[in-house]
Asker: 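Below is a structure I'd like to ask you about.
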Amino acid sequence: MKITILAVGKIKEAYWTKAIQEYTKRLSRYCRLDIVEIADEKTPDGASETLEAQIKEKEGAKLLAKIPSDAYVIALAIEGAMLDSVRLSEKIRQLGVRGTSHIVFIIGGSLGLSKSVLSRANEWLSFSKMTFPHQMMRVILLEQIYRGYRIMNHEPYHK
């Protein structure tokens, strides 16, 4: 299985980079992992809703350009379904059993994801009703994918 994390923005802090590197290393025994970053658009303070929508669409166009046509796309969105770790593990396993060879998880920027990206997604996934910084969300997502593979393979992992 190939898993791609497609994300808006760059990781700036060393501690997030180290955490991402650690989970990338751990996941290498279970899947091929790619992390693809696209540049975020600068949002001026006090931007209008119209300008924010335009910014999301620009970021969305960049994201859509990076999604392979045969990929199963899971967009991270507050409005998405909330799964526990076991159900996420089962989701990944079932996709593989059904012949899906590439899953793309999409993490939006500070304004979220455009309608066009949400429309392209096969499903939406929510980790919480809270908003998280996109850098932290990458680490959380990677940890949950790793946890999912440990569950799938009946391997111990702390609870």
Asker: Measure the CD1-CZ distance between I74 and F105 for me, rounded to the nearest 0.5 Å.
Answerer: 4.0 Å
Asker: Locate the shortest heavy-atom distance separating M1 from T100; write the atom from each residue and the value.
Answerer: CE-O, 3.4 Å
Asker: List for me each residue that meets side chain to side chain contact (heavy atoms under 4.5 Å, CB included) alongside H102, sequence neighbours excluded, and say none if there are none.
Answerer: K2, T4, P68, A71, V104
Asker: Cluster question for you: counting only ILVMFWY and a side-chain heavy-atom cut-off of under 4.5 Å, with indirect links fine, are L141 and I103 together?
Answerer: yes
Asker: From I67 CD1 over to R120 CZ, what is the distance, rounded to the nearest 0.5 angstrom?
Answerer: 5.5 Å
Asker: Which heavy-atom pair separates I78 from T131 by the least distance, and what is that distance?
Answerer: CD1-OG1, 3.6 Å
Asker: How would you list, by chain and number, every residue that makes a salt bridge (Lys or Arg N to Asp or Glu O under 4.0 Å) with K115, sequence neighbours excluded?
Answerer: none
Asker: Could you check whether any side-chain N or O of H134 sits under 3.5 Å from a backbone N or O of V8, counting only pairs where one atom can act as donor and the other as acceptor?
Answerer: yes
Asker: Applying side chain to side chain donor-acceptor pair (under 3.5 Å) as the test, list every pair that has at least one member in residues 73-87; sequence neighbours left out.
Answerer: S85-Q144
Asker: In terms of hydrophobic clusters joined by side-chain contacts under 4.5 Å, are L125 and M130 together?
Answerer: yes
Asker: Flag the pair I20 / V139 as yes when at least one side-chain heavy-atom distance between them is below 4.5 Å, and no otherwise.
Answerer: yes
Asker: Report all side-chain donor-acceptor pairs from residues 40-52 shorter than 3.5 Å, counting only partners two or more places apart or in another chain.
Answerer:
residue: E41; atom: OE2; partner: K62; partner atom: NZ; Å: 2.7
residue: S48; atom: OG; partner: L51; partner atom: N; Å: 3.1

Asker: Does the side chain of M137 reach to within under 4.5 Å of the side chain of F127, using non-hydrogen atoms?
Answerer: yes
Asker: Rounded to the nearest 0.5 Å, what separation is found between the OH atom of Y30 and the CG atom of N153?
Answerer: 5.5 Å
Asker: With sequence neighbours left out, what residues match M82 under side chain to side chain contact (heavy atoms under 4.5 Å, CB included)?
Answerer: S126, K129
Asker: Would you name the heavy atoms of A75 and L113 that are closest together and state the gap between them?
Answerer: CB-CD1, 3.7 Å
Asker: Using distance alone, with no hydrogens and no angle criterion, decide if E59 and S114 have a side-chain donor and acceptor under 3.5 Å apart.
Answerer: no
Asker: Rounded at 0.5 Å granularity, tell me how far CD in E57 sits from CG in L63.
Answerer: 10.5 Å
Asker: When you group the ILVMFWY residues by side-chain heavy-atom contacts below 4.5 Å and let the links chain together, are I35 and V117 in the same group?
Answerer: no
Asker: Any link between V73 and I107 through a network of hydrophobic side chains (Ile, Leu, Val, Met, Phe, Trp, Tyr) touching at under 4.5 Å?
Answerer: no
Asker: Can you list the steps and then say if Q54 with K58 is a side chain to side chain contact (heavy atoms under 4.5 Å, CB included)?
Answerer: CA-CA 6 Å; Q54 290 170 346; K58 282 183 186 176; 5.6 Å; no
Asker: Within a strict 4.5 Å, meaning less than it, do heavy atoms of the Q21 and T17 side chains meet?
Answerer: yes
Asker: Indicate the atoms forming the closest heavy-atom contact of I38 with K66, along with that distance.
Answerer: CG2-CG, 4.1 Å
Asker: For I3 and Y149, run side chain to side chain contact (heavy atoms under 4.5 Å, CB included): C-alpha distance rounded to whole Å, both residues' side-chain angles, the deciding distance at 0.1 Å, then the answer.
Answerer: CA-CA 12 Å; I3 294 183; Y149 275 105; 3.7 Å; yes
Asker: Nearest 0.5 Å please: distance from the NZ atom of K25 over to the OH atom of Y146.
Answerer: 10.0 Å
Asker: Test of understanding: clusters of I, L, V, M, F, W, Y form through side-chain heavy atoms closer than 4.5 Å, transitively. Do L76 and L111 belong to the same one?
Answerer: no
Asker: Using 0.5 Å steps for rounding, measure from the CD atom of E143 to the CD atom of E22.
Answerer: 11.5 Å
Asker: How would you list all residue pairs meeting salt bridge (charged side-chain N to carboxylate O under 4.0 Å, His left out) that involve residues 8-20, not counting sequence neighbours?
Answerer: K10-E37
Asker: Just wondering, do I145 and L33 contact through their side chains at under 4.5 Å, heavy atoms?
Answerer: no
